[in-house]
Each structure stands twice: as C-alpha cells, then as structure tokens.
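Okay, structure first, notes after.
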Amino acid sequence: MDHSPTSGALFILWCLLGSVWSGPTPTVPPASLKDSHYTPSRPLKSIVELVTPITKLPAITPNSDVRTTTVTSTTSERPIPALRPVYRLNGSNGQACILLQVDAIITVMYRTKLGIDEKVDIYVPDEATVTGNCDSENTVTMSLKWKAFVLSWSFSKTPGGERWYVDKIELTYNSSERHFEHIDQPNKTIRLSSEKKHSHMLFPTPVGKSYVCTDDVIIPLTDGKNEATVLLRDMKLQPFKFKNNEFAAEFSCRSLSARAGRDETAPVAVGSTLAAAVLLTIAGYAGWRYFKVNKVKYDTME
C-alpha cells in the first residue's frame, strides 16, 4: 500500500473532526434553575399582583375598632322625640276649659307580704281618658284615667279672683293592679292626696295666663299610711279658659320662685329694722336713766 500525501492529509483532517464531534455534551439546566432564570412566570405574577392588589376586609370581632365605630355612628343619629301630649277638657260650650301638657311619672311605695318595702314607677299614658267638671266659675276639676289608675286635679281661684291655683292633686288606684307584685293588702281602693297645708297653693298664676315650668316638680301624695309621688316634667297648665283652645301668655315658675324669695326677704328686713329700733330705745332709756340718777344724787348731797 502506498501512502500518498493526499491520503495523509485526509487522515489528519478526519482525526481533527472526530475530536471535535466527541467533545463534552452540553448540560441542560435543571427545572428549578429554568423556572427561576428563564421563564417569565414569576415576573409576570409579580406584575399582576402590583397592578391589581387584593384588598382584604378586617375581621369584625366583638372588641374590634370597626364594630365600635359602627355602633357610635348608629347611636349618634337619634330619632326626634315625639311631642308631649296635651290633655284637654272641654266645657259645656265645646271649647277648652282646662289644658294640661306634661310628662308625668307616678312612683308608688308599697309593702309586700314578706314585709319588704318596694316602689314602682308608673307613666301616665298619652291616651289617658280625660273627664272633669267645668260648670263652676271658681272651681274646676280634671281627671286622667287609665287602667286601674285615676289622677285628679282640682283648681280654684283666690278670693279676689286675680289668681288661679291647684288646690289638690289626688291619685286613686286598686292595690291588685299587676304593678304591685305580692302586695300585702290586695283588692283595696287606695286614695292618696297632696298635703294641704294652711294657705298653701300649688302653682299660683294670674287668671288668663298659663303656668309654665321646665324644671322637674315633685308632689308628695299620702293618705297617712300609704305614700306616692308625682313627678311633673316640662309642664304647661291652664284652667278657667274661655277664649280659645290654645294656651294663653306664659307665666314662668322661675318668676314665681323669685317673687317667693322677695316675699321671704321682706319679713327679715322688717324684723331687723324693728330689732334695731328696740335696741336703740333701750340704750337711750338706759343712758337717760343713768344721768338722771346721778343728777338726783348730786342735788341731794348739796
């Protein structure tokens, strides 16, 4: 076999190409590395979260701030209170004779069969039945009736007819009413009245005016054994009406209190003046007596 230069060159070229083809096989990146560096899934997911974030509402628990805020917002919007009822008694001419506007609460004290003293509050309802008598010129009455209770008002005029006043407030009830649980004396009709003292008048007001009092007024009631109180709040009252069905000009209870204060001040001032006058008289007489006795003794010695 002869070896030509061309065959040797081909052999060398074949060896070189075989070494290139038999080189190391390129390694394939693992799946985790592929996901983290070559796939766009993570960056795309991150972009979606930034563009459309998901807002989660906080859980509402009994002690959470959200619940507290909601309750506060709800309770701040209170409904407008209803107007106070007007109890009206008409005269024989069909017009109002007595008008009463008040929020009244009656507190009754009683004793149970076990000897325990209890008390119960009873509200005078808006729908109480109004009855009474306006036939007399100087005395009129009005009663508010509901269930087993009757609250009566008696009005009179002063002897000169300048002022009207409440002569008596009376409460009548049955002791078996459901409010009086385990009362010691059931099935009895009890009548309690305001204490009537000498020259004592309730709510004296000039005739033709309405008595108005925004302060709370408490009237004690008793029959000598049983007791109760009537709480009158935001009251407006006028008997002996004859012109129209509306309240007349107002006479405030505060002006009445101021006048009572002046009436109490006058006796004190008069008494102080009299006491000072008596003291000056005694002192003057003592001085005159002293000098008179000394002068008599001096003349006797001469």
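Values below: all heavy atoms of this structure, side chains included; hydrogens, waters and symmetry mates excluded.
The aromatic rings of Tyr211 and Trp164 sit perpendicular, their planes meeting at an angle over 60°, well past the 30° parallel limit.
Side chain of Thr229 to backbone of Ile218: no donor-acceptor contact under 3.5 angstrom is found.
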Which donor-acceptor pairs under 3.5 Å do side chains of residues 142-157 form with protein atoms, sequence neighbours excluded?
residue	atom	partner	partner atom	Å
Ser143	OG	Ser152	OG	3.0
Lys157	NZ	Glu137	O	3.4

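Annotation: ring pair (Phe, Tyr, Trp, His ring centres under 6.0 Å) contacts of Tyr110 (sequence neighbours excluded): Phe180. Looking at residues two or more places apart in sequence or on another chain, you find a side chain to side chain contact (heavy atoms under 4.5 Å, CB included) between Ser176 and Asn174, Pro186, Asn187.
Under a hydrophobic clustering in which Ile, Leu, Val, Met, Phe, Trp and Tyr are joined whenever their side-chain heavy atoms come within less than 4.5 Å, directly or via other members, Leu99 and Phe242 fall into different clusters. In the hydrophobic clustering of this structure, Ile219 groups with Ile106; members are Ile, Leu, Val, Met, Phe, Trp, Tyr whose side-chain heavy atoms approach within less than 4.5 Å, directly or through other members. Following chains of ILVMFWY side-chain contacts shorter than 4.5 Å, one cannot reach Leu89 starting from Phe247, and the two form parts of different hydrophobic clusters. Under the 4.5 Å side-chain contact rule for hydrophobic residues, Val230 and Val130 share a cluster. Each of Val120 and Leu231 belongs to its own hydrophobic cluster when Ile, Leu, Val, Met, Phe, Trp and Tyr are linked at side-chain heavy-atom distances under 4.5 angstrom.
Using a 4.5 Å cut-off on side-chain heavy atoms (C-beta onward), Leu232 and Val102 make contact. Side chains of Pro206 and Arg163 form a contact here, defined as non-hydrogen atoms less than 4.5 Å apart. The side-chain heavy atoms of Gln95 and Asn245, taken from C-beta on, include a pair separated by under 4.5 Å. Side-chain contact check for Ile98 versus Tyr87: every heavy-atom pair is 4.5 Å or farther apart. Side chains of His182 and Ile116 form no contact here, defined as non-hydrogen atoms less than 4.5 Å apart. Using a 4.5 Å cut-off on side-chain heavy atoms (C-beta onward), Val108 and His179 make no contact. A 4.5 Å side-chain heavy-atom check between Glu118 and Ile183 finds every atom pair outside the cut-off. Leu237 places none of its side-chain heavy atoms less than 4.5 Å from the side chain of Thr205.
Using modelled atom types, one finds no donor on one side chain facing an acceptor on the other under 3.5 Å when comparing Thr222 with Glu227.
Rounded to the nearest 0.5 Å, atoms CD (Gln185) and CZ (Arg111) are 10.0 Å apart. Between atom CG of residue Asp215 and atom CE of residue Met235 there is a gap of 10.5 Å, rounded to the nearest 0.5 Å. Between Gln101 atom CD and Asp234 atom CG the span is 7.5 Å, to the nearest 0.5 Å. Note that CD1 of Ile190 is 4.5 Å distant from CG of Asn226, once rounded to the nearest 0.5 Å. Between atom CD of residue Glu250 and atom NZ of residue Lys209 there is a gap of 10.5 Å, rounded to the nearest 0.5 Å. Atom CG of residue Leu100 and atom CD of residue Gln238 lie 11.5 Å apart, to the nearest 0.5 angstrom.
The shortest non-hydrogen separation linking Arg254 to Thr214 is NH2-OG1, 3.9 Å. Residue Lys236 comes nearest to Val212 through the heavy atom pair CG-CG2, 3.7 Å, listed as atom of the first residue, atom of the second, then distance. Of all heavy-atom pairs spanning Arg88 and Gly94, the tightest one is NH2-O, 3.7 Å. Here the shortest heavy-atom pairing between Ala248 and Ser210 reads O-OG, 3.1 Å. The two residues Val140 and Cys134 come nearest to each other via the heavy atoms CG1-CA, 3.8 Å. In terms of heavy-atom proximity, Ala96 sits nearest to Lys241 at O-CB, 3.4 Å.
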- Going through the distances and angles, do Phe203 and Val217 end up as a side-chain contact (heavy atoms from CB on, under 4.5 Å)? CA-CA 10 Å; Phe203 320 131; Val217 180; 4.0 Å; yes
